[in-house]
Protein chains: 2
Amino acid sequence: MAASGKTIERLSVYRRLLSMRTFSEEDYVYSHELARMVSGTAAQVRRDLMAIGVTGHSKRGYRIGPLVEEIGTLLDDPEGTRIVLVGAGDLGRAVLGFMKGRSSALTIVGAFDSDPAKAGRVVHGYRCRSMDEIEGVIAAERAQVAILATPADGAQEVCDRLVEAGVRGIVNFAPAPLIVPEAVWVERVDIATALEKVACLIRGVDETTM
Amino acid sequence: MAASGKTIERLSVYRRLLSMRTFSEEDYVYSHELARMVSGTAAQVRRDLMAIGVTGHSKRGYRIGPLVEEIGTLLDDPEGTRIVLVGAGDLGRAVLGFMKGRSSALTIVGAFDSDPAKAGRVVHGYRCRSMDEIEGVIAAERAQVAILATPADGAQEVCDRLVEAGVRGIVNFAPAPLIVPEAVWVERVDIATALEKVACLIRGVDETTM
DNA sequence: TGTGTGTTGTGACTTCTTTCACAAAAAGGT
DNA sequence: ACCTTTTTGTGAAAGAAGTCACAACACACA
Ligand SMILES: NC(=O)c1ccc[n+]([C@@H]2O[C@H](COP(=O)([O-])OP(=O)(O)OC[C@H]3O[C@@H](n4cnc5c(N)ncnc54)[C@H](O)[C@@H]3O)[C@@H](O)[C@H]2O)c1
Ligand SMILES: NC(=O)c1ccc[n+]([C@@H]2O[C@H](COP(=O)([O-])OP(=O)(O)OC[C@H]3O[C@@H](n4cnc5c(N)ncnc54)[C@H](O)[C@@H]3O)[C@@H](O)[C@H]2O)c1
């Protein structure tokens, strides 16, 4: 029942890929089909599904409905996850557009920016608020997670405020170190690193095939 | 000398963190300082640096200048990496803004969008072009890498064109499977997965401390 | 009923990654 | 000159992740 970080990531992807196409009550999927979608192996998919106790049928595969539901019981907080976004620049706008209209366990409960010109503006349906309000909103909404999309300068300071206000997980887009207490989880999303990795790996495909 | 994917990612981060602050010819950094910045361990940092043959000094640490340079010889293609961006929506704009003005081994050589209304528009200094031109630009510029920032629908089709035109690495933001030949490297960047992972991990911190 | 085919579930194995732990090196003080 | 402190470099151990291989099962069709 204990799923590792890697498994959690893949389960999230399986679910999204399955949810994208409509399926009926009696649709099944094979481990090798999921594997192909994520460029993995069938054995790995079966291990992942084993980790959350999902069981399939020989010769038919896994029933999609229960599979999606079971992934949900692992990934989704039954009380919902409430998220604040800090930094309503280009990237913040993209994230808001992306989150908009997803009926899911993840809800944006506030978008914040330090720029007074941004306060009050509505971005993709979310009203941008002043940073002064952020502690209040986090407390009132009991937000557990923050998306940090400010420039690197000042990211640590914003981070400290978020943690102090009760946030326990941060998705960090800023290319800054972010020092946090142990109880807080930081997930770095780094486009520059992704590009550099790809650029590096496509040279020398022979060695380091990973 | 063979660096794994994980090591490459961390080296990229070390370099960026070091490059952010100015340093003089004789500045040194300790493995534990780098470790703190990436929430890792000193031993791991030393292993990473060992992988690229960088050597430090007892009691003084690693000389920053040569370290940054040596990371560069691993990560950077000496001929430069030329990148095309497909999908000049919110996310594409954010990426263009992010890439703009970085004097680095990574260069955006074209931005493309299927929306005729977008063609000709200039985004963060990059002129958005019609999809008709993409094969020509990839060939003329010898672009090796693409950033895919279109909706999931049609992502596979765009991907096929990119691969056919000669692209060998793709950073994929679209929540779509992307089936590619073995010789092409796809790096998925997935905000939804990052959020779900954080949301999942901050519950149950006791178990699965990874 | 029996045979053939294709898939799951999983123990065992392999490979990759991280951590541990300590000798050796360098610097500073006395 | 010697001792103390701090840090590197790395072999060895531990741990995590991924792969293999195959028994067990389910279905199809004769
Ligand atoms: N755009 C990308 O693809 C990309 C990729 C990786 C990382 N990033 C990073 O994400 C961050 C945001 O990128 P962007 O393109 O949206 O930049 P941006 O300049 O368009 O937006 C930044 C926003 O943050 C606000 N801000 C600045 N300081 C703040 C503070 N202390 N508190 C609250 N809000 C503050 C600004 O007012 C602005 O609206 C940057 O750190 C960037 O390096 C961006
Ligand atoms: N915004 C985010 O934070 C985020 C996060 C994860 C994934 N994504 C994904 O990134 C993609 C882009 O997001 P966005 O917010 O920029 O969306 P968007 O709708 O703002 O932009 C998409 C752009 O792609 C263009 N486009 C559509 N089909 C195309 C095609 N076949 N060829 C070329 N261009 C095409 C559209 O004209 C539009 O300009 C989406 O797949 C989204 O799911 C976004």
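Note on naming: letters A, B, ... go to the chains in the order of the sequence lines (proteins, then strands), and numbering restarts at 1 for each one.
- Under 4.0 Å is where a charged nitrogen must lie from a carboxylate oxygen, and between B:Lys197 and B:Asp190 no such pair does.
- Side-chain atoms of A:Asp27 never come within 3.5 Å of backbone atoms of A:Ile64 as a donor-acceptor pair (strictly under, hydrogens ignored).
- B:Tyr14 does not carry B:Arg10 over the face of its six-membered ring by the limits of under 6.0 Å from the centre and within 45° of the normal.
- Nearest heavy atom pair, residue A:Ala35 against residue A:Ala42, reads CB-N, 3.5 Å.
- Here the P atom of nucleotide C:dT7 and the CZ atom of A:Arg36 are 14 Å apart, to the nearest Å.
- The interatomic distance linking B:Glu9 (CD) with C:dC16 (P) rounds to 16 Å, in whole Å.
- Counting non-hydrogen atoms under 4.0 angstrom, A:Gly40 reaches nothing in the nucleic acid.
- If you check the side chains of B:Arg16 and A:Thr193, you find a donor sitting under 3.5 Å from an acceptor.
- Phosphate proximity of C:dG9 to A:Thr55: present, with a side-chain N or O under 4.0 Å from OP1 or OP2.
- Regarding B:Leu49, its CG atom lies at a distance of 9 Å from the P atom of D:dT8, rounded to whole Å.
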Would you give a per-nucleotide map of nucleotides 25-30 of chain C, 5' to 3', where B means the base has a protein non-hydrogen atom under 4.0 Å away, S means only the sugar-phosphate does, and - means neither? BBB---

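- With a 6.0 Å radius and a threshold of 12 heavy atoms from other residues, nucleotides or ligands, B:Glu164 has its CD atom at or below the threshold.
- A salt bridge does not link B:Arg82 with B:Asp77: every distance from a Lys NZ or Arg NE/NH1/NH2 to an Asp or Glu carboxylate oxygen is 4.0 Å or more.
- Counting to the nearest Å, the C1' atom of D:dA17 and the CZ atom of A:Arg10 are 8 Å from each other.
- In this model, a donor atom of one side chain and an acceptor atom of the other lie less than 3.5 Å apart for A:Ser12 and B:Glu196.
- No side-chain donor from either of B:Gln44 and B:Thr41 sits under 3.5 Å from a side-chain acceptor of the other.
- Considering only side-chain atoms of A:Gln44, the nucleotide from D:dT10, C:dT8, D:dT19 that sits closest is D:dT19.
- Spacing between atom CZ of A:Arg63 and atom C1' of C:dT7 amounts to 18 Å, rounded to whole angstrom units.
- A:Tyr28 places its OH atom 16 Å from the C1' atom of C:dG6, with the value rounded to the nearest Å.
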Give me, pair by pair, the N or O atoms of the protein and of nucleotides 20-23 of chain D that are less than 3.5 Å apart, along with how far apart they are.
none

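- The side chain of B:His32 has D:dT7 as its nearest neighbour among C:dT7, D:dT7, C:dT10.
- In this structure, B:Leu11 atom CG and C:dT17 atom C1' are separated by 14 Å, rounded to whole Å.
- Between A:Tyr30 and A:His32, the distance separating the two ring centers is shorter than 6.0 angstrom.
- In this structure, the CD atom of A:Glu33 is 14 Å from the P atom of C:dG6, given to the nearest Å.
- When distances run from any side-chain atom of A:Lys6 to the nucleotides C:dT7, D:dG18, C:dT17, the shortest one goes to D:dG18.
- Between A:Tyr62 and C:dG9 there is a side-chain polar atom (N or O) within less than 4.0 angstrom of OP1 or OP2.
- For the OP1/OP2 pair of D:dA16 and a distance below 4.0 Å, the side-chain nitrogens and oxygens of A:Ser4 include no atom meeting the criterion.
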